[in-house]
Protein chains: 2
Amino acid sequence: MEDVRRGEPDPRDAEPVGADTPDGEAARPYRKRKGEGHVRREEILAAAKAVFIEDGYENTTIRKIAARAHVSPTALYLYFPDKDRILIEICDSTFTRLIDEMSRIEREERDPLRRLRHMMECYLRFGLKHPDEYRLTFMAKSLGILGVNHKSAVADMDMPGTKGPQGFAKLLGIVADCISAGYLKGDDPELTAELIWAGGHGLVSLLITHPHFPWSDQEALIKGMLDMQLRGMLAEGHR
Amino acid sequence: MEDVRRGEPDPRDAEPVGADTPDGEAARPYRKRKGEGHVRREEILAAAKAVFIEDGYENTTIRKIAARAHVSPTALYLYFPDKDRILIEICDSTFTRLIDEMSRIEREERDPLRRLRHMMECYLRFGLKHPDEYRLTFMAKSLGILGVNHKSAVADMDMPGTKGPQGFAKLLGIVADCISAGYLKGDDPELTAELIWAGGHGLVSLLITHPHFPWSDQEALIKGMLDMQLRGMLAEGHR
DNA sequence: GACGTTAACTTAACGGCGTTCAGTTATCAA
DNA sequence: TTGATAACTGAACGCCGTTAAGTTAACGTC
């Protein structure tokens, strides 16, 4: 990962008052110039992400983040209303990559059914690859933010905590395509999408929370889940 | 729920030294007689359960439990190694009821396929009915206890934190029956049981963590999940 | 009935947490 | 030079889970 201190090589930044460490890490006191607070905000987010990755979700504290950003704990409250908001923004930046991957699949794969399968597989692997972010985004107590109608997800794309719904909106669109094209049975895309999401989420979340359970081979689980779900949803004509 | 103070109407219990409250709640100081510590243990568990139900998992603290049990916070450590253990025992006592219900289904329903469906439905409804206990048992960070081989679950039936695996063991047995009877496809009962569990868990846990999401009708979700799973797993001959 | 042992329980404190309050200091336009 | 204000800090609050050390009541034994 990148260093916390980046960009704009300002002399005052490079040699803050009282600096005495010869290495890259600057010592306090040191502050941003007026109007540069947003830079500090970014630095705090970068520090938070580093702590989050190194120490995990449970062990990420305000004081650790502050120390890593060379700032007092109180300073975080100049830029974020509370700890939750910081973690949400971290997770959002991670899940933006999932949305991107999903969009790529949408572009590259034309067949609706293969699209659906490919996208769900992408979701599963992403969740298993980023367990801490996944936990916080989908497994922690909801903050009510998910309550926004996912149909209007486009309107507030950059609102923190909405990356989950955005991903679901993509899934919903594809499921609707599959149904109207006659590949999947049923007449309720929302219900079908929710069930498919639930199945995938169940596998990811169980593997994350119970790593010591004597699971079958992970690849077999992924394939098995996709098979079971699609086979269970396939329209009569396509079985 | 029952009062915290129950059983053995000992005069010393009814009128502890320094008692001055006229109602049922006794004032401290007051202590159990020698050899009666296990009674205090039960009282603490009852108090913990009450707090757990009233205030929820997140807001249950050692100090609240102690206050409700008319005991100092440190007293809890005479009977439990840490807070987790108290919560685990609460959840176990709840999930014992699930195991019981599952056993009843096993007795009453002979057809393997109906057995499986009925049991999964039972699991879903139970989870949705006891969200806090479900969270703690299946959605919190695993304590490594689940790591015990579920085949030997019978050996340590009363070991705290093993109610989850015991439930899975039941599911596994039924799935194996369904496969060997030719109802379900595949040749790997473990894999199949894990997938079915994962699907059910996904639905329950999403509904619990994201209550504000615009879900479809809950009954439709339950039925839809069971249909999708069984349809997806049904052997060729039985479709 | 006094005595020593020990189970039952408490008080005080530790080090942590997220967060708030009341400043302080550096910056910058006028 | 000054006054306004953005950027930031130190000290504290009220929680938390947990530990160490001490106290008190109950009991078997003489």
Side-chain angles (χ1 to χ4, degrees), chain A residues 8 10-13 15-19 26-44 47-48 51-52 55-88 140-141 143, chain B residues 8 10-13 15-19 26-44 47-48 51-52 55-88 140-141 143:
Chain A
E8 41 125 28
D10 188 302
R12 259 168 302 193
D13 281 18
E15 289 236 340
V17 185
R28 290 191 304 99
Y30 141 81
R31 75 165 69 183
K32 294 295 174 192
R33 296 151 83 178
K34 283 197 179 183
E36 296 295 311
H38 64 97
V39 176
R40 180 72 82 196
R41 202 190 124 97
E42 294 305 312
E43 289 178 7
I44 291 172
V51 175
F52 192 78
D55 297 1
Y57 160 50
E58 316 255 40
N59 302 314
T60 299
T61 72
I62 288 279
R63 286 169 163 85
K64 275 191 198 175
I65 297 171
R68 167 89 60 145
H70 308 297
V71 141
S72 75
T74 28
L76 306 211
Y77 290 88
L78 296 174
Y79 305 106
F80 305 93
D82 52 33
K83 183 189 173 189
D84 276 349
R85 185 58 168 266
I86 299 177
L87 299 184
I88 285 174
K141 66 176 192 305
L143 303 147
Chain B
E8 39 126 29
D10 187 300
R12 260 168 302 196
D13 281 16
E15 291 238 340
V17 184
R28 288 193 304 99
Y30 142 80
R31 74 165 68 183
K32 295 294 174 193
R33 296 149 84 176
K34 283 198 177 183
E36 296 295 313
H38 64 97
V39 175
R40 179 71 82 195
R41 202 188 123 98
E42 294 304 314
E43 289 177 7
I44 291 171
V51 174
F52 192 78
D55 297 3
Y57 160 50
E58 317 257 38
N59 303 313
T60 300
T61 71
I62 289 278
R63 285 169 165 83
K64 275 190 196 174
I65 297 170
R68 167 89 60 145
H70 309 296
V71 142
S72 74
T74 38
L76 306 210
Y77 290 87
L78 296 174
Y79 306 107
F80 306 93
D82 52 31
K83 183 191 174 188
D84 276 350
R85 185 57 168 266
I86 299 178
L87 298 184
I88 286 174
K141 65 177 194 304
L143 302 147

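Naming: A, B, ... by sequence-line order, numbering from 1 per chain. Just so it is clear, the model here is predicted, and its values are computed rather than measured.
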Checklist entry - Looking across every strand, which nucleic acid part, if any, lies under 4.0 Å from A:Tyr79 by heavy atom: base, sugar-phosphate, or nothing? => result sugar-phosphate
Next on the checklist: Can you say whether a donor on the side chain of A:Arg31 sits under 3.5 Å from an acceptor on the base of C:dT27, or the other way round?
Outcome noted: no
Item to check | Quiz item: B:Ser72 side-chain donor-acceptor pair to C:dT11 base, under 3.5 Å | outcome: no
Item to check | Non-hydrogen side-chain atoms of B:Lys64 and B:Asn59 separated by less than 4.5 Å | outcome: yes
Of all the choices, [options], which nucleotide is nearest to the side chain of [X] once you look at every atom?
| X | options | answer |
| --- | --- | --- |
| A:Pro73 | D:dA20, C:dT19, D:dT5 | C:dT19 |
| B:Leu78 | D:dA4, C:dA8, D:dT18 | C:dA8 |
| A:Tyr77 | D:dT19, C:dC9, C:dG18 | C:dG18 |
| A:Arg33 | D:dA11, C:dC28, C:dT11 | C:dC28 |

So which atom in [X] and which in [Y] form the shortest heavy-atom distance, rounded to 0.1 Å?
| X | Y | value |
| --- | --- | --- |
| A:Arg40 | A:Tyr79 | CG-CE1, 3.6 Å |
| A:Ile65 | A:Ala47 | O-CB, 3.8 Å |
| B:Ala48 | B:Ile86 | CB-CG2, 3.7 Å |
| B:Phe80 | B:Ile44 | CE1-CG2, 3.7 Å |

Under-3.5 Å N/O pairs linking protein and nucleotides 14-17 of chain C:
{"residue": "C:dC17", "atom": "OP1", "partner": "A:Thr61", "partner atom": "OG1", "Å": "3.3"}

Checklist entry - Is the shortest side-chain N/O distance from A:Arg40 to OP1 or OP2 of D:dA7 below 4.0 Å? => result no
Checklist entry - Counting only N and O atoms by type, is there a donor-acceptor contact under 3.5 Å from the side chain of B:Asp84 to the main-chain atoms of B:Leu87? => result no
